[in-house]
Number of protein chains: 2
Amino acid sequence: MTENDKLTEERIFEAATDVFVDKGMDGARMQDIASYAGINKALLHYYFRTKDQLFNAVFEMIARKILKKFAPVFDENLTIEAKIRFFFREHIAFLQENPKLPGFILNEINRNPARIKKLLKNIHFEKLWEKLYEQHKAELDNYNITEDTMPQLMVSIAAISVFPFAAKGLIEGILEKVGLDFNKFIEERKEFAAAFVIKAIKK
Amino acid sequence: MTENDKLTEERIFEAATDVFVDKGMDGARMQDIASYAGINKALLHYYFRTKDQLFNAVFEMIARKILKKFAPVFDENLTIEAKIRFFFREHIAFLQENPKLPGFILNEINRNPARIKKLLKNIHFEKLWEKLYEQHKAELDNYNITEDTMPQLMVSIAAISVFPFAAKGLIEGILEKVGLDFNKFIEERKEFAAAFVIKAIKK
DNA sequence: ATTAGGTTTAACCGAATGGTCAAAAGTATT
DNA sequence: AATACTTTTGACCATTCGGTTAAACCTAAT
């Protein structure tokens, strides 16, 4: 029973994840999720009372998954440059396996900015900030990184990693027209991005 | 009459633009657009037969508007560095006035990747490419730009400019938590981004 | 004043959608 | 086998939504 339970609920959850990520909250249909999970629509409401509830469960799971991917940046004991290389390699690899996540997340943040504030509440950026600073204090003399430009740098790094996936349709289209392959472009990007950023910040 | 015509149709179009950009195709409601334009819902269908037709009109207008903003990069007679500075200054300024466009465009591209291919059909990237190369042939010795890395560079530049707006809700939330203001962050970004990219590509 | 044209509206329609319900089916306990 | 409980289903409901229609309204020409 409890075994079968888990199976059904899990099947629903996975189906919901697929459909929501693909169509977004507004575009997703409960019937689609049910069909995709191979069950009756009423059973959806039996396990997750409303569409909102189901969506929230999916969204939170995905958000947690993503935040987890960022964590190593603050933990790993590496030099600045090694960390940058590590980040792009791991993060882009993650996005290669989940190429639709950026578009989904960005869109849903736009649709409901309040939700994200709730998620951010439990993260103490000042602490992470200080931790990061402590880790690399000695190195910083060799780089053009100040307290002012740090947020700019972080956003730029995120942008360089995430944007190609958020704009996949567009970039894929353009690359195709000049005879290039999106997947190869992404594969090369892991190295390019790291070198690019390192060069930009080095004194 | 024809004066009033223009006024009504224009009012509808502007209302539709606002609502579509805000809610996306799936989230937008014809009734909302009608109310926003101060007219009856039936009148919407009188001027634009279907929701799809209205949406396509809005989308194409916006796409054209954006592409126009990119054009100067290929025309202006400036050095590479001046062009990069010019681009970030102008493009970010444009996004400051239209902060919701990136999210809208990216989301709709995801929803219907076929549409973008149709739009790209009329743009000949190979020609723009060559034109750009001709313009800066003499300068290129001073920069680490090759045929291989050119697409990576272009995407990175776009990413650095567009991403903060596409992820506005998220970035705003994080900046707030460390006592920073999004608008100021963006204002400073014009200069930072240019310096960052120039430093990254300089030999 | 009447006619003819486009413009605007209220009322309505059918399909789709999120959600409910009562009954059926399945399972475990006694 | 009977009982009690959970899971699953088909049928159904209320509302929302894109879209239609016929009539009212407005304006200009005759």
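These numbers were taken from a predicted model, which means no experiment stands behind them. Note on naming: letters A, B, ... go to the chains in the order of the sequence lines (proteins, then strands), and numbering restarts at 1 for each one.
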Using a cutoff of under 3.5 Å, can you pull out all pairs of nitrogen or oxygen atoms linking the protein to nucleotides 19-22 of chain C, with atom names and distances?
residue: C:dG19; atom: OP2; partner: A:Lys51; partner atom: N; Å: 2.7
residue: C:dG19; atom: N7; partner: A:Lys41; partner atom: NZ; Å: 2.7
residue: C:dG19; atom: O6; partner: A:Lys41; partner atom: NZ; Å: 2.6

Geometric class of the A:Phe87/A:His91 ring pair [parallel <30°, tilted 30-60°, perpendicular >60°]: parallel
Euclidean distance, atom OH of residue B:Tyr47 to atom C1' of C:dT9 [Å, nearest integer]: 13 Å
Pairs touching residues 155-179 of chain A that satisfy ring pair (Phe, Tyr, Trp, His ring centres under 6.0 Å), sequence neighbours left out: none
Rounded interatomic separation in angstrom, taking CG from B:Leu44 and P from C:dA10: 14 Å
Side-chain N,O (A:Thr8) to OP1/OP2 (D:dT8) below 4.0 Å: yes
Whole-Å gap separating P (C:dA23) and OH (A:Tyr46): 17 Å
Nearest-Å distance for atom pair CG/P, residues A:Leu7 and D:dT7: 13 Å
A:Glu176/B:Lys117 salt bridge by N-O under 4.0 Å criterion: yes
Side-chain N or O of B:Arg29 closer than 4.0 Å to phosphate OP1/OP2 of D:dT16: no
For atom CD of A:Glu9 and atom C1' of D:dT8, their distance in whole Å: 15 Å
Lys/Arg-Asp/Glu bridge criterion (N-O < 4.0 Å) met for A:Asp26, B:Lys23: no
Basic-acidic side-chain contact under 4.0 Å: A:Glu134, A:Lys137: yes
Separation of atom CD1 in A:Ile39 from atom P in D:dT9, rounded to whole Å: 7 Å
Whole-Å distance separating the CG atom of A:Leu43 from the P atom of D:dA11: 17 Å
Check: B:Glu9/B:Tyr46 side-chain N/O donor and acceptor closer than 3.5 Å: no
Of residues 15-28 of chain B, the positions that come close to DNA chain C - non-hydrogen atoms, cut-off under 4.0 Å: none
Pair B:Lys177 + A:Glu126: basic N to acidic O under 4.0 Å: no
A:Phe104-A:Phe20 aromatic ring centre distance below 6.0 Å: no
A:Glu108 and A:Arg111 ion-paired at < 4.0 Å: yes
